[in-house]
Amino acid sequence: MTELTLRLQEGDTETAIAVDQDVFTIGRLPECNLYLPFAGVSRNHARILKTTEGMWTIEDLGSKNGTQVNKYLVNSPQELHHGDVVWLGNVNLVVLLTNPASQSTSTPEYASTSDTNEQRTILHNVEQLQQQWIAADSKDGNITNKDKTIARLKDLVDIAKNLCAAASIEEIFSQVQQVVFRYLDSIDRLALLIDVNGRGHLELVNAATRNVSQQQHLSADGSWISRSICQKVFAEKVVIQTGDTHQDERFASEQSILVKGIRSAMAVPLWDENKVVGVLYADANLSSYHWANEGEEELSFFSALANLVASSVQRWLLVEKLKTEEMIRHRLERYHSPAVVQQLISVGALPDGRLAPAESEISILFADLVGFTAISERLTPTAIAQLLNNLFEEMLKEVFTCGGTLDKYIGDCIMTFFGAPEPQIDHADRAVTAAKGMLARLKHLNANNFWQEPLQLRIAINSGKAVVGDVGSSQRVDYTALGATINLAARMEGVCPPSECVISEATYAMLSQPSDFQEMGDYRFKGIDRLVKVYQTKLQPVSTIISH
């Protein structure tokens with residue numbers, strides 16, 4: 001009976017995998033019989049089958065990069081022979097058969113893959129590299145091995161302690177910089193790139209050079225970094241190392257690498273659990289020819305370090321996110337109901353803590369206190385402030401109940417709108433409902449001696465397009481609505497009778513129950529070169545009394 005073993009070669013390490021099933025799957029999915037979490041390997045890449053005659057065949061399962069046997073693409077089930085080399089993306093497997101019938105036990109010339117490997121296996125598995133650095137070099141002897149392993153473990157513990165104590169990203173990078181330049185003599189520059197906003201875009205957060213005098217020459221925009229290498233590491237969760245980009249045919253098409261003068265480079269993902277949060281990148285202007293022998297060890301250390309850095313960076317990102325959310329929450333709660341604030345934060349609609357101006361379909365509402373000038377003449381400034389604070393607090397409850405947004409207070413006037421930042425198809429109905437609620441609430445407050453004399457409101461509503469978002473300077477920003485729709489609503493307030501609400505023809509056309517309003521007439525307003533039809537209604541007391 002012929003038995004099949006696959007030999008997986010990774011750098012200087014070889015692993016033997018026994019094929020102990022008649023149907024043996026290979027791929028990037030953990031449930032495959034042979035799990036290969038490498039770039040270029042598809043989730044279900046290939047399948048090995050044992051025939052009724054006891055022979056072994058391999059077939060491709062529709063993989064992206066194809067399956068090759070001895071450099072020939074597999075288009076249909078192909079018989080495997082002793083010494084065959086199977087390529088799956090950048091991974092190779094050597095076929096070993098025991099008791100092969102009429103097969104040569106010697107390994108054919110094409111099974112020697114060291115030269116090909118040097119060119120193809122630029123990509124390495126992260127977890128194996130991290131463990132590989134801790135294990136000592138077997139040729140150093142048992143005592144040396146033990147001492148070296150203990151020393152490396154101690155270094156990792158010390159590094160982890162220092163990183164855990166780092167409170168800022170600058171402190172984290174400072175620790176990394178010291179360790180890297182102490183251990184790795186072959187690199188000149190170091191960079192830490194992080195996906196700060198979690199949107200798949202790497203940002204350079206810090207960089208350093210071995211030569212302190214050259215630190216000022218590092219461009220702050222990271223133009224000296226190979227973005228193609230970093231993006232590949234980030235997207236594919238692989239480690240990349242090259243000792244000489246000019247001689248490495250894999251980078252022949254990367255003109256930017258040659259232009260930037262990068263001769264040797266390595267990059268590893270900052271991999272925390274199942275998420276890549278950034279990339280640790282290092283390069284040099286000179287070729288690192290010793291990497292042909294020692295590169296695996298240095299890359300293993302770099303990868304193990306990156307794993308520790310990833311946890312610190314993830315913790316820093318979480319702290320920064322909480323700080324940003326708290327700042328955003330405090331600012332937005334001035335404008336929106338708590339439910340809307342939570343929604344905005346949860347969907348991540350606020351990059352950099354701002355809502356970018358955007359055109360929206362909204363209904364704008366102005367509510368003005370009738371006779372405020374006369375009232376203020378009889379009150380002290382402190383009493384005026386108390387009156388407005390109490391009144392605005394009550395009126396804003398109706399706005400937030402209907403999902404509205406507070407734009408601003410203009411003296412004794414409240415400016416609010418509906419339909420932004422979250423789109424609301426029924427924004428006109430919401431605005432009218434809020435207006436009715438405000439008038440009914442004020443009527444109830446007057447009946448309970450809210451103020452020393454009855455108060456009245458005038459409310460005007462208009463609907464249409466407006467630009468809504470954060471507007472202002474770097475020192476002060478206001479969330480507001482701009483445009484002709486707002487200007488008309490402000491003008492309409494002047495023709496509104498006390499304790500009533502007027503709406504424009506645009507708002508009237510959007511209402512689900514327009515019969516609540518009656519035509520008031522056509523008006524011409526300052527700055528508007530057309531007649532505007534205005535509707536009004538005298539709002540009766542609502543049947544349900546609002547209680548507090």
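For the single chain, residues carry numbers from 1 onward in sequence order.
Between V180 and F302, the closest side-chain pair of non-hydrogen atoms falls below 4.5 Å. Looking at heavy atoms from C-beta onward, V370 lies out of side-chain contact with L457 at the 4.5 angstrom threshold. Inter-residue side-chain proximity for P269 and V239 is flagged as met; some heavy-atom pair is nearer than 4.5 Å. Proximity of F366 to T416: side-chain heavy atoms (C-beta onward) are nowhere separated by under 4.5 Å. At least one side-chain heavy atom of F418 sits less than 4.5 Å from a side-chain heavy atom of V399. Residues V276 and D195 fail the side-chain proximity criterion, which asks for heavy atoms closer than 4.5 Å. At a threshold of 4.5 Å between non-hydrogen side-chain atoms, the residues P497 and R458 do not count as touching. No side-chain heavy atom of V268 sits less than 4.5 Å from a side-chain heavy atom of V279.
For the pair L511 and P514, the tightest heavy-atom approach, listed with the atom from each and the gap, is O-CD, 3.5 Å. When all heavy atoms of F372 and I384 are compared, the closest pair comes out as CZ-CG2, 3.7 Å. For the residue pair Y281 and C230, the shortest heavy atom distance occurs at CD1-SG, 3.6 Å. Annotation for M415 and A481: closest pair CE-O, 4.0 Å, computed over non-hydrogen atoms. Taking both residues in full, the closest heavy atoms of I229 and A267 are given as CG2-CB, 3.9 Å, listed atom of the first, atom of the second, then distance. Taking all atoms of both residues into account, the shortest heavy-atom contact from L488 to R530 is CD2-NH2, 3.8 Å.
Note: L193 CG to I225 CD1 = 4.5 Å, rounded to the nearest 0.5 Å. Between the CE atom of M438 and the NZ atom of K397 there is a distance of 13.0 Å, given to the nearest 0.5 Å. The SG atom of C32 sits 11.0 Å away from the CZ atom of R47 when rounded to the nearest 0.5 Å. Note that CD of Q175 is 11.5 Å distant from CG of L308, once rounded to the nearest 0.5 Å. Distance CD1/I414 to CG/L365: 8.5 Å, rounded to 0.5 Å. Of the inter-residue distances, the one linking L202 atom CG with L192 atom CG reads 10.0 Å to the nearest 0.5 angstrom.
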*D516 vs K436, salt bridge (charged side-chain N to carboxylate O under 4.0 Å, His left out): CA-CA, chis, key distance, verdict*: CA-CA 11 Å; D516 291 344; K436 292 179 179 180; 2.9 Å; yes
*M520 and V502: CA distance, side-chain angles, deciding distance, side-chain contact (heavy atoms from CB on, under 4.5 Å) verdict*: CA-CA 8 Å; M520 184 175 173; V502 296; 3.9 Å; yes
*Please report the C-alpha distance between V196 and V205 in whole Å, then the side-chain angles of each, then the deciding distance to 0.1 Å, and finally whether the side-chain contact (heavy atoms from CB on, under 4.5 Å) criterion is met.*
CA-CA 9 Å; V196 177; V205 295; 4.2 Å; yes
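The pair E398-R441 meets the salt-bridge criterion, with a side-chain N (NZ, NE, NH1 or NH2) lying under 4.0 Å from an Asp/Glu carboxylate O.
Using modelled atom types, one finds a donor on one side chain and an acceptor on the other under 3.5 Å when comparing T480 with D407. When only modelled atom types and interatomic distance are considered, S42 and S63 share no side-chain donor-acceptor pair under 3.5 Å. Side chains of N462 and T485: a donor-acceptor N/O pair is absent below 3.5 angstrom, by distance only. Checked by atom type, the side-chain pair T373/S376 shows no donor-acceptor distance below 3.5 Å.
When atom types are taken as modelled, the side chain of H45 and the backbone of G66 share a donor-acceptor pair closer than 3.5 angstrom. The main-chain N or O of G62 is found under 3.5 Å from a side-chain atom of D60 such that the two form a donor-acceptor pair. With hydrogens and angles ignored, the 3.5 Å screen pairs a side-chain donor or acceptor of T433 with a backbone N or O of D429. Judged by distance alone, the side chain of N446 and the main-chain N or O of L455 form a donor-acceptor pair under 3.5 Å. Between the E493 side chain and the D368 main chain, a donor and an acceptor come within less than 3.5 Å of each other. S463 places no side-chain N or O within 3.5 Å of a backbone atom of A428 that could act as its donor or acceptor partner. R491 places a side-chain N or O within donor-acceptor distance of the main-chain N or O of K526, the cut-off being under 3.5 Å. Here the side chain of Q424 pairs a donor or acceptor atom with the backbone of G403 at under 3.5 angstrom.
When the side chain to side chain donor-acceptor pair (under 3.5 Å) test is applied to Q456, the partners found at least two apart in sequence or on another chain are S499. For Y35, the side-chain contact (heavy atoms from CB on, under 4.5 Å) criterion is met by P30, P37, not counting sequence neighbours. Every side-chain contact (heavy atoms from CB on, under 4.5 Å) that T380 has, sequence neighbours left out, goes to T382, A383. Applying the side chain to side chain donor-acceptor pair (under 3.5 Å) test to D522 and every residue at least two apart in sequence or in another chain returns K533. Residues satisfying the salt bridge (charged side-chain N to carboxylate O under 4.0 Å, His left out) criterion with D426, sequence neighbours excluded, are R430. Listed by chain and number, the residues in a side-chain contact (heavy atoms from CB on, under 4.5 Å) with V467 are P357 (sequence neighbours excluded). For E359, the side-chain contact (heavy atoms from CB on, under 4.5 Å) test picks out K465, with sequence neighbours left out. Listed by chain and residue number, Y409 satisfy the ring pair (Phe, Tyr, Trp, His ring centres under 6.0 Å) test with F392 (two or more places apart in sequence, or in another chain). Every ring pair (Phe, Tyr, Trp, His ring centres under 6.0 Å) that Y508 has, sequence neighbours left out, goes to Y535. Under the ring pair (Phe, Tyr, Trp, His ring centres under 6.0 Å) criterion, F173 pairs with no residue at all, not counting sequence neighbours. With sequence neighbours left out, the side chain to side chain donor-acceptor pair (under 3.5 Å) criterion links Q386 to no other residue. Take N33 and apply the side chain to side chain donor-acceptor pair (under 3.5 Å) test, not counting sequence neighbours, and it matches T25.
E453 CD: more than 12 foreign heavy atoms inside a 6.0 Å radius.
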